[in-house]
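What follows is a single structure, written as structure tokens, with notes after it.
Keep in mind that what you see is a predicted model, and the values were worked out from it rather than measured. Numbered from 1 within each chain, the chains take letters A, B, ... in sequence-line order.
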Amino acid sequence: VNVRLYLLQRGSAAVMLPLVLLHLGVIFYASRRGLSAADILGRTRGSLFWGTFYAAFVVAAATHAAIGMRVIAAEWTGLRGAALEVGMWSFGLLLAALGLVAVAAVVLA
Amino acid sequence: MAEIAVSLWRGKADGSYQLYRVPQRDNQTVLDVVTWVQRNADPALAYRFACRVGMCGSCAMTVNGRPRWTCRTHTSKVVKHGKLEIGPLANLPIIKDLACDLIEEIVPITAARQAADAGIECINCAVCYAACDSVRWNPDYLGPAALNRAWTLVNDVRDTGQRQRLYAVAAAGGCHVCHSHQSCQQHCPNALNPTASIAGLKRRTMAAYLKGELE
């Protein structure tokens, strides 16, 4: 079980790394002469690529953060057992839901 | 006082025997003779010993043509006509005088053995355990000393408990609790690196998990 969490933690970090780099690259490119909401939405709206891109990031980030928070909760509060698992899943699903709503807002709207 | 005429090998393979006159005493071992020469006649004499009581095997030399432990050989048993000949062990490369190179000849050097040797000198002093943040934060954690020991055994080809051990170190409180702060390595008085051992366990358990061996 610990190996699975370890793999997911490292794997999600590996997924996020190129996504973050491309995201930063696009920020530099997009803000070369001012930035407007219309520009951003023009790129993302209806785009299968950016929809998939940010959805993948949201899932990886939610996975990574939930496992990390599970460790911090265990070490700082002594949480163990079912409460720890429920906490991890709740936090992860909350992050995923919030993130996916945000992605939907810029892609589908 | 009675003396022994001691012929001691000096130099490497192309060396020769040199004569020393050593006082003979009661209950004197051949190792005592060699030590007397180094302390009183020639401080440059090279030889090995550690326990002096037949436990460690460091002091083996060729005494009057026979290989034996010098610490367990009394001069009263081997001195003939007031003479004694002490040389390095045969069949091994001579480093200097009475010291041979045992490691190169009799210990097979493989990557696994080197990995095991890197952590083998742990004597369980608990300095790493006391230095570890993860131990402080997680009472279930096995700690750096135990995991370092596990890593030496994982790399021991003779060991037959590999599966159970990997399962134990992959369980809750196992190697994945480590945050790689490296305090264990920083404070280890023997200059060992338990963090590297634990990283090895993480790699090995991950490989075993991906092969389905940890289910």
Side-chain angles (χ1 to χ4, degrees), chain A residues 1-24 52-53 55-96 98-99, chain B residues 128-144 146-148 150-151 153-154 161-184 194-215:
Chain A
V1 176
N2 284 281
V3 189
R4 185 157 57 232
L5 289 176
Y6 176 81
L7 262 175
L8 281 170
Q9 175 87 334
R10 266 55 180 181
S12 56
V15 168
M16 280 192 288
L17 183 66
L19 299 183
V20 167
L21 290 178
L22 185 58
H23 177 70
L24 290 174
T52 314
F53 181 92
F57 180 82
V58 164
V59 171
T63 305
H64 191 81
I67 298 172
M69 287 302 287
R70 178 184 189 273
V71 174
I72 293 171
E75 288 183 354
W76 288 25
T77 69
L79 210 59
R80 290 287 185 281
L84 191 59
E85 307 305 328
V86 170
M88 174 182 77
W89 279 98
S90 310
F91 186 67
L93 290 174
L94 177 68
L95 280 186
L98 291 173
Chain B
C128 59
Y129 195 83
C132 178
D133 295 322
S134 297
V135 168
R136 190 168 307 124
W137 295 335
N138 188 340
D140 301 333
Y141 183 36
L142 294 171
L147 290 171
N148 177 73
W151 177 240
L153 291 171
V154 161
Q162 297 296 354
R163 219 187 132 95
Q164 299 96 304
R165 183 175 306 101
L166 280 187
Y167 205 86
V169 299
C175 62
H176 300 100
V177 173
C178 170
H179 291 305
S180 304
H181 290 175
Q182 302 188 61
S183 295
C184 52
T195 310
S197 300
I198 295 166
L201 288 176
K202 288 175 182 169
R203 283 195 303 276
R204 199 61 68 87
T205 51
M206 190 168 70
Y209 176 77
L210 291 175
K211 284 188 221 155
E213 292 170 1
L214 276 184
E215 292 305 311

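Using a 4.5 Å heavy-atom cutoff, the side chains of B:L210 and A:L7 are in contact. Contact check for A:R4 versus B:M206: no side-chain heavy atoms found under the 4.5 Å cut-off. At least one side-chain heavy atom of A:R80 sits under 4.5 Å from a side-chain heavy atom of B:D140. No side-chain heavy atom of B:H176 sits under 4.5 Å from any side-chain heavy atom of A:L5.
Within 6.0 Å of OH in B:Y167 there are 12 or fewer heavy atoms belonging to other residues, nucleotides or ligands. For B:R163, the CZ atom counts as loosely surrounded, since its 6.0 Å shell holds 12 or fewer non-hydrogen atoms of other residues, nucleotides or ligands.
Residue contact with chain A, scored on non-hydrogen atoms closer than 4.5 Å, is absent for B:A208.
Taking both residues in full, the closest heavy atoms of A:V3 and B:T205 are given as CG1-O, 3.8 Å, listed atom of the first, atom of the second, then distance.
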